[in-house]
Amino acid sequence: MQNILGIARYEFRLQWRGRSLRVLALTTLLVTCAGLLIWNSLPEGELTQRLNATEGGISTNVMLTFLTFPALIVLVVFGFPVGASESLPADRHYGTLELIESLPVTVSEYLIGKLVGYWAAGGSAIAAAFVVNGVLWWLTLRSYDVLRYAEMWVVAALVLIINTGIGILIGGTQPNRIRAAALVICVFIVSTLLIGTGGSAQQPTLMGFINLARIPIITTYVNLAPNDELRIVSPPVYLSLVIGILELLLVFSGAFIWRRRSQ
Amino acid sequence: MIEIQALTKSYRDVQALRGMSLEIGAGMFGLLGPNGAGKTTLMRVIAGLLRPSSGSVRVFGEDITTQHGKLAVKRQLGYLPQELGLYPNLTGHEFLDYIGVLKGISDKHERARQVAEVLEVVRLTDEAARRLKTYSGGMKRRIGIAQALLGYPKLLIVDEPTAGLDPEERVRFRNLLADMAARCTVILSTHVIEDISHSCNDLAIIREGRVLFRGKPSDLIGQARGQVYSMITTGERPSGNLTVVSTLQLQEGVQYRVIGTPDERYTARSVEPSLEDGYMLAMR
């Protein structure tokens, strides 16, 4: 446990001192806040009319989700995993891998430590964007459902954990950072484009669930239907997260066996 | 005590170690050999980083081919790889603290004390707060040495430790290793024969994965006695079954130090061999 925490603590520092995570954190902040600009520039058109309508109108909560979530989910589904893919090859790149392998650290401690460290670093980037974005929206709208807002970010953070975990472990099979990033991009593109989106938000298919783009989550939250209930955490979201965790465990097992054999 | 029996290690079609057997006791053990001789492979096997293809390696009674044995050895190991890289964005202090954590020094105060101690040993205390990317090559090497000393290892394996160090640091480090050898087993692999001659009382020369010589430096020197000559020519390079060890331009001609039996047409005088002569003779 001490080894895991030690690796995680220093992975957290290394990530924040590297360029990739800082760029991703800043991008998350900017693209999620971009929804505010869109909101402020909206004319008195259909959206605002529907927003103001008493029957079948869109609540400010739905608007907030609609304007924030798409950019956020694209980053946590694709951007962060590609950035995280260099986490394990970086040790080989810097030449520290041989030293780490000479220390009393097991393969599972090493992998888990790296994952936890990146999750903490990526999670703190998401948390910072969550707070800044939330405050700015509050100042703009004066009132919205904070729990709904938090729920959206928690789901995004869980997707971040699953997808960056898969990105780190897949990237870890490669000898250098460029090849790691290239492989992760390929895997995610293949998953998104070839596996298929599979059904609707209400009735996703298995293919939609195993797609790394987490289609059921996107279609659940990015939805301008007037009924708020649709966007409260729903079975497709739960199921998508559970399947994502199973995918992560599967990839972890593969990475563990691969690393044990390569030693 | 390290016991190596009939050890082989192959990388696909390259056989790096060919049935090597060695026993290494306490103190300082030197490992000499040309590039590609298998020194680094041997040290990586002893450190539990590489699985042998066949044969056995026991370190302090632990079989390093088992997962348990490997971990047990690593808990007592200080290792300095030949090409140690460092995280450029960590400070020297942070890097050592990180390695200290991974070596199992769980108490924060004890870790801080040991980090301060090894920083003092390698004379980097004043630079400890600087990021490693700002360190010179020699300073990086010294940080590498410092991390190997953390945790008071029972076995210290150092691969080319003095590469990149200035002469003063090299002497300091040799003395440090000699001090360490009083408390633990030190395996020193190097191309620098001077490092071995000044600090090791036991050595092995390996080539093409086999042990060519095993014994004391004085035995190696003794083997060369009567076979090392010095001669001065007008510039003509000595021919015959000779190995030229050194060449020195003098006013009266060129002075050669050779191993072997010089031709009678040369006026050669027998000289007292050095460890380098013994090594060169073994390599012929």
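Just so it is clear: chains get the letters A, B, ... in the order the sequence lines come, proteins before strands, and each one is counted from 1. Only a predicted model underlies this, so the values are computations on that prediction, with no experimental measurement involved.
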Can you see which heavy atom on [X] is nearest to which on [Y], and at what distance?
X	Y	value
A/R9	B/D97	NH1-OD2, 3.9 Å
B/Y98	A/G6	CE1-O, 3.7 Å
A/N3	B/V101	OD1-O, 3.5 Å

Considering only heavy atoms, which portion of [X] lies under 4.5 Å from any heavy atom of chain A: side chain, backbone, both, or neither?
X	result
B/L77	side chain
B/E94	both
B/I105	backbone

Out of A/G95, A/P104, A/G18, which one racks up the most heavy-atom pairs below 4.5 Å with chain B?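 Highest number of heavy-atom pairs under 4.5 Å: A/P104.
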For [X], does the [atom1] atom sit with more than 12 other heavy atoms under 6.0 Å from it, leaving out its own atoms?
X	atom1	result
A/Q2	CD	yes
B/E110	CD	yes
A/I178	CD1	no

Options B/R131, B/K103, B/Q76, ranked by heavy-atom pairs under 4.5 Å with chain A, top entry: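 Greatest number of close heavy-atom pairs with chain A: B/R131.
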Pick from B/A72, B/A47, B/P88: which one has the most heavy-atom pairs with chain A under 4.5 Å?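 The answer is B/P88.
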Distance, nearest 0.5 Å, that separates [atom1] of [X] from [atom2] of [Y]:
X	Y	atom1	atom2	result
A/T106	B/K74	OG1	NZ	9.5 Å
B/L49	A/L99	CG	CG	9.5 Å
B/L102	A/Y10	CG	OH	9.5 Å
A/T96	B/L84	OG1	CG	8.0 Å

Given side chains that start at C-beta, do those of B/E83 and A/E98 come closer than 4.5 Å, heavy atoms only?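 No, too far: nothing below the 4.5 Å cut-off.
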Need one label for A/I7: side chain, backbone, both or neither, based on atoms under 4.5 Å from any heavy atom in chain B.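 When you check distances to chain B, atoms from both the backbone and side chain of A/I7 fall under 4.5 Å.
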